[in-house]
Protein chains: 2
Amino acid sequence: MATPNIVEVASLIGDTSRAAMLMCLLGGKALPASELARAARVTPQTASSHLAKMVEGGLLAQEAYGRYRYYRLASAEVAQALETLNSIAPPKPVRSLRESEQSKALHFARTCYDHIAGEVGVTLTDKMLELTLIAEVDRDFAVTDNGAKWFSNFGVNLNDIGRGRRHFARQCLDWSERRHHMAGALGAAVTCRLFEIEWIVRIPGGRAVRVTHNGLRGFKQELGISLASINTT
Amino acid sequence: MATPNIVEVASLIGDTSRAAMLMCLLGGKALPASELARAARVTPQTASSHLAKMVEGGLLAQEAYGRYRYYRLASAEVAQALETLNSIAPPKPVRSLRESEQSKALHFARTCYDHIAGEVGVTLTDKMLELTLIAEVDRDFAVTDNGAKWFSNFGVNLNDIGRGRRHFARQCLDWSERRHHMAGALGAAVTCRLFEIEWIVRIPGGRAVRVTHNGLRGFKQELGISLASINTT
DNA sequence: CTTACAGTTCGATGATAGTCGAACATTCAC
DNA sequence: GTGAATGTTCGACTATCATCGAACTGTAAG
């Protein structure tokens, strides 16, 4: 027989830095340690210490891809516990209107390390699957014959990126949406190209990106994607 | 838009002494400060400090009767948050045989704030679903026409409890069974009635409850529930 | 091989906060 | 009134732990 130990879990959540990381992960994505360190505004050493404790405590799960360590919430129950805690937490006054704007922008489109994520990232990946440019293979995506032509036409040289030892096109799981977006070398190459042809541009001071008018038209013409006009000016 | 402050609440729960007090109060009763101090094995001064912080943080409510100060959980939401945290907490090894006995009793039947939980609570809820007395609706339960008759016959007046602002019949995740049991106003009313007709009685000194012989027969006759004979003497 | 980068481990430091002794406030019993 | 019991406030001590600098282990890139 065993009695659960609520103190350990609660004290893990009850730290400013760790809570900041958990709130980031509550979106559902798995994030590398460095990004979580940045989110919590602490040094990598401190973040590493916190992450190890949360894995030990059963709050987080860790997956290693190359030299990166991706962390995600260990289970749906953890996410629910965080939400429930939020529901009884006394509201904290907003610091600024800018924060709200930034939050919207982040949900819409952002970079996840070096590839595109958010609503745009997920929609893009979904459309590529729908048009059979790519196909799901285990935990990765594979490029179809169809897709090879498309990527070439789009300006992404598959030969260049197939050579590296990095994962070719990893699936990046999004919990809240329960959908994947494309990561890995191909995801990075596509995102790089999106910046190159200026369909997207970085919003200074964060991970958020903005879809340009060019991008709106391009996504529509090349892939049949209709994006809401939020943050596209 | 206000961002809730999860850190404060979690750090309040994440202390050994405070958690011990909260676990006591999870039984649903209001307790005086001295008793909570005893439960947490700290001096009255220390307990007073903790209690003040938890009231300030919105976890507890205080009522003064003469020279006594009674403390209780501030709301059903707080109780649910505690139960949810329990469900993700890693099991802690038991220290003594007595704890093992208490743990068994807790797993079998206990009060969760003001409604019945544990194996009995989950089985009761399951059976009500099976007999279509209630039905799942989102994260709540709804009473069917069938059920309305049954509850009335059982001695629970649905009109009385439907009026309040409180959730009518919330689904509450059970940490020991990892399944849902019925909470909210209806759960409280049913449990209150169970005490009234003495199908269950409190085991002194904790949250655990005991199913009486009357209760055993009643559960069998009224709902077709066969409970193991544990703790029913 | 060399350089760069991601992440961890170790050790020292500093601040937060839990704890209790002492004293005070309040209420009840006599 | 006096005395006892409940509970709180104040101050000091102490232990825990978050934090960061420095050094180290891998992995990727050229």
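To find a chain, count down the sequence lines: A is the first, B the second, and so on, and within it residues start at 1.
- Across all strands shown, Tyr71(B) has heavy atoms under 4.0 Å from sugar-phosphate atoms exclusively, and none from any base.
- Remark: Lys53(A) is in phosphate contact with dA18(D), judged by side-chain N or O atoms under 4.0 Å from OP1 or OP2.
- Within the structure, a side-chain polar atom (N or O) of His50(B) is placed less than 4.0 Å from OP1 or OP2 of dT19(C).
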One pair to check against side-chain contact (heavy atoms from CB on, under 4.5 Å): Leu25(A) and Val78(A). What are the steps and the verdict? CA-CA 11 Å; Leu25(A) 294 170; Val78(A) 174; over 6 Å; no

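- Phosphate contact (OP1/OP2 of dT19(C), side-chain N/O of Ser49(B), threshold under 4.0 Å): absent.
- The side chain of Ser34(A) contributes no N or O atom lying less than 4.0 Å from OP1 or OP2 of dC5(C).
- Between Leu59(A) and Leu22(A), some side-chain heavy-atom pair lies under the 4.5 Å cut-off.
- Each end of the helix from dC1(C)-dG30(D) to dC30(C)-dG1(D) gets its own rotation axis from five pairs of C1' atoms, and the angle between them is 30° to the nearest 10 degrees.
- Contacts of Arg18(B) with the nucleic acid, taken as non-hydrogen atoms under 4.0 Å apart, involve only primed sugar atoms and P, OP1 or OP2.
- When the side chain to side chain donor-acceptor pair (under 3.5 Å) test is applied to Tyr113(B), no partner is found at least two apart in sequence or on another chain.
- Across all strands shown, Thr16(A) has no heavy atoms under 4.0 Å from either base or sugar-phosphate atoms.
- The base of dG21(C) is paired with the side chain of Gln45(B) by a donor and an acceptor separated by under 3.5 Å.
- Taking side-chain N and O atoms only, Thr46(A) has no distance below 4.0 Å to OP1 or OP2 of dA18(D).
- Contact check, Arg69(B) against dT8(D): a side-chain N or O comes under 4.0 Å of OP1 or OP2.
- In terms of phosphate contacts, Gln62(A) brings no side-chain nitrogen or oxygen within less than 4.0 Å of OP1 or OP2 of dA6(C).
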